[in-house]
Amino acid sequence: MKRHDIYTLPILIWLSLFFTIPLSITVIMSFMSSTPYGGVTLPFTVGNYVEIMKGRILAILWRTIRISALSTLITLGLSLPVSFFMATSKWKNLLLMATIIPFWTNFIIRIFAWIFLLGNNGMLNNILIQLGIVKNPITFLYNSWAVVVVIVYTYLPYMILPIYSAMEKFDFSMIDAAMDLGATKIRAIFKVMFPSIKGGITAGILFVFIPALGSYAIPELVGGRDSVMLGNLIAWEITTARNWPYATALSNILFVSTALALFLYLKIQGSDGK
Amino acid sequence: MTVIVLIFLYAPIMFLVIFSFNSSVTGANWMGFTLKWYGELFLRSPDIWEGFKNSLIVAVFSSLTATFIGTMAAIGIHWYKPSFRRYINFNIYAPLIIPDILMGVSMLMLFVSMRIRLSLFTIYLAHTTFSLSYVVLVVLARLENFDSSLLEAAMDLGASEFQTVRRVIIPMALPGIIASFLLSFTLSIDDFIITFFVAGPGSTTLPLRIFSMIRFGLSPVVNALSTILVGGAILLTLLGRKFLKYILAGEG
Amino acid sequence: MDKDGAVYSVELENVTKIFDESTVAMKNVSLKVKKGEFFSILGPSGCGKTTTLRIIGGFETPNEGTVRIDGRRVNNLPPNRRPVNMVFQNYALFPHLSVFENIAFPLRLKKMTESEIREKVEYMVELVKLKGQERKFPRQLSGGQKQRVALARALVNEPRVLLLDEPLSSLDAKLRQYMLMELDRIHDEVGITFIYVTHDQAEAMSVSDEIAVMNNGVIEQVGTPPEIYESPANTFVAGFIGETNFFVGKVVDVSSEYLKVETRFGILTCYKDKEAKIGDTVEFMIRPEKVYVTKNYPPQNMNFLRGKVDQLIYLGSHTKYYIMVENTLIRSIKQHTRYWMDESTISWDDEVYVWWNPDDSYLIKVTGG
């Protein structure tokens, strides 16, 4: 230890106690067995993982990845043109604020807004019934599509902000230069701008994809039977079944999926030297 | 495109806000202007206020703790090349990139194995933990502008290390420190999933309370509450405008 | 007190500084800086001059050797307890403090009264000519003004020694010249020792009482500017300070004052600054301003070369000639008089004579043969 390590000592202790150790406990516990009253017991076993591998869990894992990937793609598709417009706009600060406000708005409230809008007793159904277009409310929510829409809605600012930050630093005269040298505008954007905003894009993808993988509240509130995600399963095992070894094994599978996504990210980042 | 996205972002919230002034009980049918849901919220919703109070307590203490520890760490990392640099980095970056639910589960497992009773205190521990990484990154983003010659200058002019921290480093880093406090405060107030796992009976925070309310269906009181929270978000955005660039730099 | 009675402000004795167990920044450096001197440490980047300054300031600790300030050993004294202050290369002004507060910073640390602080800061502001700028913040100042604030802040503590680390390097040429004169004036006014680190030989030459030339962590020579320019200790110093023409050859004849040296240009005569005997290999130099270029046959009928004008650069006050002689460029500088325009008939590609007075050459090195 050096004398100046005093500055980093508190964080070292805090994060060891409340991050590294808890993660380790989670890993250890996943190799233990549960007792009938919600406790855990030795000996070590891989039973939890075997159980997961042969159950319907694989289907849920696959669905979790599918929903997360789709939401991320849609978010990216919306964010690219919006960030571009923002970065080149005269009112960029105003637009930035406009994307920050929903970002600061309570997460659960943002989900609630959709229930209010599209729920069975929601605004849209009420309007449709009053106009006599339908007799009984249409179930817009409680399916995978609703989950995707709400994930896109809640995480959109997480994608826009890093991409916007990267684009804002980009020197747009380089596009003019590329066009001056004979590139079409589309080509100029792809060849000149994309490489320099790649960092922002990958950051945005991570900021959306990883929390989406761990979704719990969104599928819980706007999803249905066909859209149970890994997060719901983990929460159910913990709060209702109280089977901690099984729940931690599920968490570790989520962890591995995340690590895998991250590994791919680092590989992409590494491949262009940054 | 941008307009469509902005409508997409704002329309749901706008409807929430508009219908918080609607006198219909079913909520989704306009029956005339009223403030009765606000009356209901302010006068007859002790559960919501209890949750609000809990959220506030946790947010204040966790963001103060995180800002203090995180700022110290950022100073150490930026200027003093600490030992265990890789391990520290892992602990700072990993919480940012693993899903929150994992942090919630693992913290719960810690408390369970240590037989720590779930309470506001465990929520405080959890919130401080996830805020720390953001604080370090935001303060580091601010410190990036300053090289070691400023510390050397302070020492050269007679300042002790403590005086250098108090008279030079803290004032210079202040915008970043304030930004990180604002960010941790908001993250704490906003957090649902981690709190969901580490909250115990009697320590329900506002997001948990709203969650259980909307599970039971629509309630105009939640609309009224939403309006107030959206107002808070706007206020925070305006207040935090000056510090935004550090927050963005820390996140991006 | 030294043997000869002079008091040294800063003394380094056999100081060695090694970074990362491999990079040797200073090798056995010994220096003595007299009280009140304007002392420069001059050398190319990476030569160890900044490390030397930082060792005096206390920012680095030497691996070996002794550092003394005013005769007191300070090896283990941290910067905040040394009677020296530093002007940093990038000024290192505190961005959150005004000009006044930047200068007052060390005084506030000493818990001086408000009126004392005011008095001292005002004196400093006067000294560095910053009147009226006291309430501005560093970001509102020009480079030159920042420089003045840094100077005032370093001087307000009344240090025994002021250390300056390439303080003018980020200013443009004209401002640099002016600030250099200002530095000289301030040095005269405060009367303390200045140690000035630079890579710019013109800067060092113009203001220093003494210069130490450093290279590769070693002090090559310490001397007054004329000593360093006229009698460099070795080829490195000769080449680093100003432009010069080098010649190498074997001594073929020795007289009481001159040597005749067989060089690849033929036999040249040089002044015998050092003892040499026939057969020795010698290296000597001649500075460009002492080299004549004429179309006419040189009057001295010896010690001349024939060549072709390769480059000719008119610089207002003087003209630089580069004459190609046997695939080597010989440099010459001619100062202009008002008749120069009429006299000058030399132009590109002209065949010319290059010559100099043997008394003007300097014998750098003799290797026994």
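Chain identifiers are assigned alphabetically (A, B, ...) following the order of the sequence lines, protein sequences preceding nucleic acid strands; residue numbering begins at 1 within each chain. Just so we're clear, the structure is a prediction, and the values are computed from it rather than from any experiment.
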- [ ] With sequence neighbours left out, write down each residue that passes ring-ring contact (aromatic ring centres under 6.0 Å, His included) with Phe19(A), or none if nothing qualifies.
- [x]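 If we apply the ring-ring contact (aromatic ring centres under 6.0 Å, His included) test to Phe19(A), skipping adjacent residues, there are no hits.
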Structural part of [X] lying under 4.5 Å from a heavy atom of chain A:
X	result
Phe8(B)	both
Leu108(B)	side chain
Phe68(B)	neither
Ile193(B)	side chain
Met103(B)	side chain
Leu6(B)	side chain
Thr128(B)	both
Phe130(B)	neither
Leu229(B)	side chain
Val3(B)	neither
Asn91(B)	both
Ala94(B)	both
Ser113(B)	side chain

Return the option, out of [options], with the maximum number of heavy-atom pairs under 4.5 Å with chain A.
options	value
Ala126(B), Gly76(B), Gly231(B)	Gly76(B)
Leu9(B), Val105(B), Ile4(B), Ile13(B)	Leu9(B)
Leu125(B), Ile75(B), Val5(B)	Leu125(B)
Val230(B), Val222(B), Leu238(B)	Val222(B)
Leu225(B), Leu206(B), Ile97(B)	Ile97(B)
Ile234(B), Ile92(B), Ile98(B), Thr129(B)	Thr129(B)

Interface moiety of [X] toward chain B, non-hydrogen atoms closer than 4.5 Å:
X	value
Ile11(A)	both
Ile210(A)	both
Ile25(A)	side chain
Thr239(A)	side chain

Backbone N or O of [Y] within a donor-acceptor pair of the [X] side chain at under 3.5 Å?
X	Y	answer
Asp5(A)	Pro82(B)	no
Asn125(A)	Gly119(A)	yes
Asp190(B)	Phe107(A)	yes
Asn223(B)	Phe21(B)	no

Open item on the list: Let me confirm one number: the OG1-OH distance from Thr75(A) to Tyr158(A), rounded to the nearest 0.5 Å.
Closed with: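 Result: 12.5 Å between the selected atoms.
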Task: Approximate separation, where rounding is to 0.5 Å, of Thr122(B) OG1 and Ile194(B) CD1 - done: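 One finds 12.5 Å between OG1 of Thr122(B) and CD1 of Ile194(B).
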Establish, yes or no, whether a centroid distance under 6.0 Å links the rings of [X] and [Y].
X	Y	result
Phe15(B)	Phe116(A)	no
Tyr155(A)	Phe207(A)	no
His127(B)	Tyr124(B)	no

Open item on the list: Can you list everything that forms a side chain to side chain contact (heavy atoms under 4.5 Å, CB included) with Leu260(A)? Sequence neighbours excluded, please.
Closed with: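 Expected list: none.
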Open item on the list: Under a 3.5 Å cutoff, is there a donor and acceptor pairing between the side chains of Thr99(A) and Tyr164(A)?
Closed with: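 No pair is found: no donor N or O on one side chain lies under 3.5 Å from an acceptor on the other.
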TODO: Please determine, by modelled atom types, if Asn252(A) and Ser30(A) share a side-chain donor-acceptor pair under 3.5 angstrom.
DONE: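 Indeed, the side chains of Asn252(A) and Ser30(A) share at least one donor-acceptor pair under 3.5 Å.
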Open item on the list: I'd like to know whether CZ of Phe255(A) has more than 12 heavy-atom contacts from other residues, nucleotides or ligands below 6.0 angstrom.
Closed with: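 No, CZ of Phe255(A) has 12 or fewer neighbouring heavy atoms, counting only those of other groups under 6.0 Å.
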Open item on the list: Quick check on the interface: out of Thr154(A), Thr20(A), Leu78(A), who has the most heavy-atom pairs with chain B under 4.5 Å?
Closed with: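 That would be Thr20(A).
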Open item on the list: I need the residue from Ile109(A), Leu254(A), Thr26(A), Thr248(A) with the largest number of non-hydrogen atom pairs under 4.5 Å to chain B.
Closed with: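 Of the candidates given, the most pairs with chain B belong to Ile109(A).
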Open item on the list: Strictly below 4.0 Å, N to O, side chains only: are Arg242(A) and Glu237(A) in salt-bridge contact?
Closed with: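 Salt bridge: no.
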